[in-house]
Amino acid sequence: MRVAFVGPPGVGKGTQAQRLAERRGVVKISTGDVLREAVRQGTPLGVRAKSFMDAGSLVPNELVIGMLEERLKADDTRQGYLLDGFPRTIAQAEALGTMLEARGEALDRVIAFEADPEVIVDRLSGRRGCPRCGKVYHLRFDPSNAGTRCEACGAELVQRDDDREATVRRRLAVYQEETAPLLTYYRKRGLLARIDGSAPIDDVAARLDEVLSVPRPV
Ligand code: AMP
């Protein structure tokens, strides 16, 4: 299975990617996670990426494309992969096409997750995460039983810098401008399937399995 997830921030791509990768036993590659880890470790890539991420902008194509190319070289991508948050621009989609062609591979599907922008602002501005174990909560929809601490490991929960409301709105605008054109790009190539990301998590997962069970038109 070789699939890419596209959608605005907060639409539930990451959650679904995590679950689908577990169900299918394929690796999930989230460029956002790889970038956050680079920032945390203070690598040269992380240092260059940080200001773009904090502002809610996209990290420049050449940095992200190079990073993905490196990541795809690992052995764990042989059984397939699920790309979460890549590509995000037409230039990235084209670079991905070239990379896959060189590997003798192609995407099976591109899944576009959709949701109303106000639902997204609500979801993201209430999101809190554990800096130690990575567990994610929501102040209203999925609060921690341990209050402001992680119920799994006890660390104090934090808000991602880019989850503040003003930054979320900026990320949504960036999505509309730079990423939404990918929907037409992949629709024309017969790869696009659209999914309502505002439905409950299990319903979205079921719909995703349904979409992926249909062979793509050639
Ligand atoms: P995410 O966790 O997918 O929402 O990504 C968080 C941030 O990382 C984004 O707002 C961008 O600044 C950056 N980022 C992640 N993936 C990409 C990508 N494919 N292209 C450019 N920037 C990216």
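Counting starts at 1 for both ligands and their atoms, following the listed order. Hydrogens, waters and symmetry mates are skipped; everything else that's a heavy atom, side chains included, is used.
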Query raised in the report: If you measure from each heavy atom of Gly56 to ligand 1, is any distance below 4.0 Å?
Result: no
Query raised in the report: Looking at ligand 1, does Glu178 have a heavy atom less than 4.0 Å from it?
Result: no
**Report entry** Between Ser57 and Arg170: side-chain donor-acceptor atoms closer than 3.5 Å
**Finding:**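 Yes.
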[X], any N or O under 3.5 Å of ligand 1 N or O:
X      : result
Arg36  : yes
Asp162 : no
Phe52  : no

Query raised in the report: What protein heavy atom sits nearest atom 15 (C) of ligand 1, and how far off is it?
Result: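 Ranked first by proximity to atom 15 (C) of ligand 1 is Arg88 NH1, 3.5 Å.
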Query raised in the report: Closest non-hydrogen protein atom to atom 13 (C) of ligand 1, residue and atom name please, with distance?
Result: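 Nearest neighbour among protein heavy atoms for atom 13 (C) of ligand 1, to 0.1 Å: Leu35 CD1, 3.6 Å.
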Requested in this report: Find the distance between CD1 (Ile90) and CG (Leu182) and round it off to the nearest 0.5 Å.
Outcome: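 Ile90 CD1 to Leu182 CG: 5.0 Å, rounded to 0.5 Å.
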**Report entry** ligand 1 atoms in contact with Arg171 (distance to a heavy atom under 4.0 Å)
**Finding:** 4 (O), 10 (O)
Requested in this report: Specify side chain, backbone, both or neither for Ser57, according to which of its non-hydrogen atoms lie closer than 4.0 Å to ligand 1.
Outcome: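 The answer is the backbone of Ser57.
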Query raised in the report: At under 4.0 Å between heavy atoms, which part of Val64 makes contact with ligand 1: side chain, backbone, both or neither?
Result: side chain
Query raised in the report: Do the side chain of Thr98 and the main chain of Glu94 share a donor and acceptor less than 3.5 angstrom apart?
Result: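 Yes; judged by distance alone, with no hydrogens or angles, the pair exists.
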Query raised in the report: Less than 4.0 Å between a side-chain N and a carboxylate O, is that true for Asp163 and Arg128?
Result: no
Query - Salt bridge Arg19-Asp202, side-chain N to carboxylate O under 4.0 Å - result: yes
Requested in this report: Kindly confirm or rule out a cation-pi arrangement of Lys188 over Tyr185, judged by NZ or CZ under 6.0 Å from the six-membered ring centre and within 45° of its axis?
Outcome: no
